[in-house]
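Have a look at the structure below, then the notes.
Throughout, a chain's letter reflects where its sequence line sits, starting with A, and its residues are numbered from 1.
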Amino acid sequence: MENKLVREITSMDVDFSKWYTDIVKKADLADYSSVKGCMVIRPYGYAIWENMQKILDGEFKALGHENVYMPLFIPESLLQKEKDHVEGFAPEVAWVTMGGGEKLAERLCVRPTSEVLFCEHYKNIIQSYRDLPKLYNQWCSVVRWEKTTRPFLRTSEFLWQEGHTMHETEADAREETLRMLRVYENFYKNALAIPSVTGRKTEKEKFAGAVETYTIEPMMHNGVALQGGTSHYFGDGFTRAFGITFTDRSNKLAYPHQTSWGVSTRMIGAVIMAHGDDSGLVLPPAVAPIQVVVIPIAMHKEGVLEKASELCEQLKSFCRVKMDVSDNSPGWKFSEYEMKGVPLRLEIGPKDIAQNQCVLVRRDNREKTVVPLDNLRGEVERLLREIHDGLYQKAAKNLGEKTYTATTYEEFLDIAKNRPGFIKAMWCGDRACEEKIKEDTNGVKSRCIPFEEEHLADTCVCCGRKAEHMVYWGRQY
RNA sequence: CGGGGUGUGGCUCAGCUUGGUAGAGUGCUUGGUUCGGGACCAAGAGGCCGCGGGUUCAAGUCCCGCCACUCCGACCA
């Protein structure tokens, strides 16, 4: 990478946190608001979210899911129907106690997640096995009263989707749980160009009320993990608590098996921290609001604007494009769109026009390609694909290089202290070891038990007893 | 929730030690010249100095309280 061209952005090696918030602000993704812990998502940031939504929504629907909308408020009595669930969420919910100037008979919480609302509704509409599966999803915002917040990564209110499904059998529900995890994993890979470690959460880390929680854990540039999406299998715990029954194929009453799964605007944070550099944001083409920015050079010269507009029209037929005809100098524009992470820049000036060509510059590595105009579409499509692949490979390399193996506790503590990243190590299955590790390392937690475990040793890295599983460990946002 | 830091035109900050007319750079507006890596000239607009109290003839500056943001921990998607 050349010297950074944007002075205002703090270098990521100097202060990664500052670098992150600088990008959020300088790339016009979000702004602070007067509501503590809440942010304004600005048009450029929201456009990224809309692209993410569009792709995921299509995947959900292709698998038979239907979108619905549930209420914002949950009566206290409803939230309390499932014991583990309420214990998990109660500490971080916001309560409404007044309405129209009068104290409410029962206070309402602002939804932190909507399991109980879906259950209440499913109770009314499920009678027979013929009504199953029920595959609902909603796009909405939820509120969790966080103590410390950071734009996109952790805000008091955030946008997300939550899928809630009901199934006839445990096997169906378990299959759905894993199916949706795969949807997330593929989305991270194919749309966000972010590789991740996936697997099952330990008892200690799983969702409040779930039987199993599966997770996708991408690694950020600095080696810190971000819980990127989760998919839960609930068994029939909620359906029993809510009295949701159906008549099964043998004419007996049965409880359906349930799942839920969600991803949030946190994914924007993941994109920033997985791909960004000292010049700003770097967006994967699939979700970039602008995929190609057209910069006319020497706009006042005859024919330049006309040619640039013509190219713009041509590009519009197959990608998202913007032309900047503002009065700023070309150099200013180069920096501006690098800061905003636009994957490809197209420069067109008098010299190019004379030779019937233009210059394409990649955001990720600043590589310039001179392209004959006859071949513009092919080259743009090729470069966008290569940028995606390049970003994925770079992130995969980072994940590989920052994943360590520990077979002794000394080794484990040494890595945890000195090398940011994931640690693969054996574990006995005892929660006490997770707690001890977290305490001894000042914050390293189990990320997940991967689907394909390696046999690294016979004994738990922490206590020395017989090992049950291989676990990925790491710090998280 | 504990510990630190910071709040002054849109943004980045100086001024505070030692109280005495509100500053710079950048951005913005208008006009002109420029244009292949953050161009230049000229003229303008823009400030309850985070909020509230106090001390003083006089507070951006000193004292007390609060709030917000931010970093490091604890907690959590």
Go nucleotide by nucleotide along RNA chain B from the 5' end; which of A:C358 and A:K206 gets its closest nucleotide reached first?
A:C358
Classify the nucleic acid contact of A:K36 as base, sugar-phosphate or nothing, counting any heavy atom under 4.0 Å across all strands shown.
sugar-phosphate
Atom-to-atom span, NZ of A:K333 to P of B:rC35 - whole angstrom
13 Å
Looking at every strand, decide which applies to A:E146 at a 4.0 Å heavy-atom threshold: base, sugar-phosphate, or nothing.
base
Need one value for A:T155: base, sugar-phosphate or nothing, where a base atom within 4.0 Å counts as base even if backbone is also close, heavy atoms only.
base
Find the partner of B:rC51: check Watson-Crick (N1-N3 plus N6-O4 or O6-N4) and G-U wobble (N1-O2, O6-N3) distances, both under 3.5 Å, and reply none if neither fits.
B:rG65
Partner nucleotide of B:rA39 by Watson-Crick or wobble geometry (both distances under 3.5 Å):
B:rU33
In whole angstrom, what separates A:L305's CG from B:rC35's P?
15 Å
For A:D324 and A:S326, which I'm curious about, is there any donor-acceptor pair between the side chains at under 3.5 Å?
yes
Under 3.5 Å for both donor-acceptor distances, Watson-Crick or wobble: does B:rA22 have a partner, and if so which one?
none
Give A:E347 one of three labels, base, sugar-phosphate or nothing, depending on what nucleic acid heavy atoms sit under 4.0 Å from its own.
base
Distance-only donor-acceptor test (3.5 Å): side chain A:R144, base B:rC76
no
Checking N1-N3 plus N6-O4 or O6-N4 for Watson-Crick, or N1-O2 and O6-N3 for wobble, each under 3.5 Å, the partner of B:rC16 is none
So the salt bridge (Lys or Arg N to Asp or Glu O under 4.0 Å) pairs with at least one residue in residues 178-194 of chain A (sequence neighbours excluded) are A:E175-A:R179, A:E176-A:R179, A:R182-A:E185
Test applied, side chain to side chain donor-acceptor pair (under 3.5 Å); reference residue, A:Y233; option that passes from A:Q258, A:E212, A:H257
A:H257
Considering only side-chain heavy atoms of A:K26, which listed nucleotide, B:rG36, B:rC76, B:rC11, is closest?
B:rC11
Can the ring centres of A:H164 and A:Y136 be said to be less than 6.0 Å apart?
no
Does A:L226 reach a base, just sugar-phosphate, or nothing at all? Heavy atoms under 4.0 Å.
nothing
If you assign A:F152 and A:V361 each to the RNA chain B nucleotide with the nearest heavy atom, which residue ends up on the more 5' nucleotide?
A:V361
Just to be sure I understand the rule, does A:G37 reach a base, reach only the sugar-phosphate, or reach nothing, if contact means heavy atoms closer than 4.0 Å?
sugar-phosphate
Once ring pair (Phe, Tyr, Trp, His ring centres under 6.0 Å) is applied, do any residues pair with A:H65, and if so which ones, sequence neighbours excluded?
A:W261
Report each atom pair, protein N/O against N/O of nucleotides 70-74 of chain B, whose distance is under 3.5 angstrom.
unit_1	atom_1	unit_2	atom_2	d
B:rU70	OP1	A:Y32	OH	2.2
B:rC71	OP1	A:R150	NH1	3.2
B:rC72	OP1	A:S17	OG	3.4
B:rG73	O3'	A:N442	OD1	3.3
B:rA74	OP1	A:N442	OD1	2.9
B:rA74	N6	A:T148	OG1	3.3

Does the structure show a Watson-Crick or G-U wobble partner for B:rG46, both distances under 3.5 Å? Name it, or say none.
none
In this structure, is the centre-to-centre distance between the rings of A:W332 and A:F334 below 6.0 Å?
no
Salt bridge (Lys or Arg N to Asp or Glu O under 4.0 Å) contacts touching residues 37-48 of chain A (sequence neighbours left out):
A:D28-A:R42
Could you run down the sub-3.5 Å N/O contacts of the protein with nucleotides 28-34 of chain B?
unit_1	atom_1	unit_2	atom_2	d
B:rU34	O4	A:D327	OD1	3.1

As its Watson-Crick or G-U partner within any shown strand, both distances under 3.5 Å, B:rA59 has none
CD1 of A:I297 versus C1' of B:rG36: gap in Å, rounded?
5 Å
Could I get the full list of salt bridge (charged side-chain N to carboxylate O under 4.0 Å, His left out) partners for A:E157, not counting sequence neighbours?
none
From CG of A:D352 over to C1' of B:rG36, roughly how many Å is that when rounded to an integer?
8 Å
Nearest-neighbour nucleotide for the A:V359 side chain, B:rG36, B:rC76, B:rG38 considered
B:rG36
To the nearest angstrom, how far is A:E434 atom CD from B:rC76 atom P?
12 Å
Paired with B:rG2 by Watson-Crick or G-U wobble geometry, both distances under 3.5 Å: which nucleotide is it?
B:rC72
For residues 220-227 of chain A, run the donor-acceptor check on the side chains, cut-off 3.5 Å, and write out each pair with its distance to 0.1 Å, sequence neighbours left out.
unit_1	atom_1	unit_2	atom_2	d
A:N222	OD1	A:V224	N	3.2
A:N222	ND2	A:Y477	OH	3.0
A:Q227	OE1	A:K201	NZ	3.2

A:W139: partners by side chain to side chain contact (heavy atoms under 4.5 Å, CB included), with sequence neighbours left out
A:W49, A:Q53, A:L56, A:D57, A:F60, A:N67, A:N137, A:Q161
In this structure, how many angstroms lie between the P atom of B:rC76 and the CG atom of A:D84, rounded?
15 Å
Non-neighbouring partners of A:E120 that pass salt bridge (charged side-chain N to carboxylate O under 4.0 Å, His left out), sequence neighbours left out
none
Please report, rounded to the nearest Å, how far the P atom of B:rA39 is from the CZ atom of A:F334.
11 Å
For A:F158, answer base if it contacts any base atom (sugar-phosphate contacts may also be present), sugar-phosphate if it contacts only those atoms, and nothing otherwise; contact means non-hydrogen atoms under 4.0 Å.
base
Distance in angstrom units between A:Y477 OH and B:rC75 P, rounded
17 Å
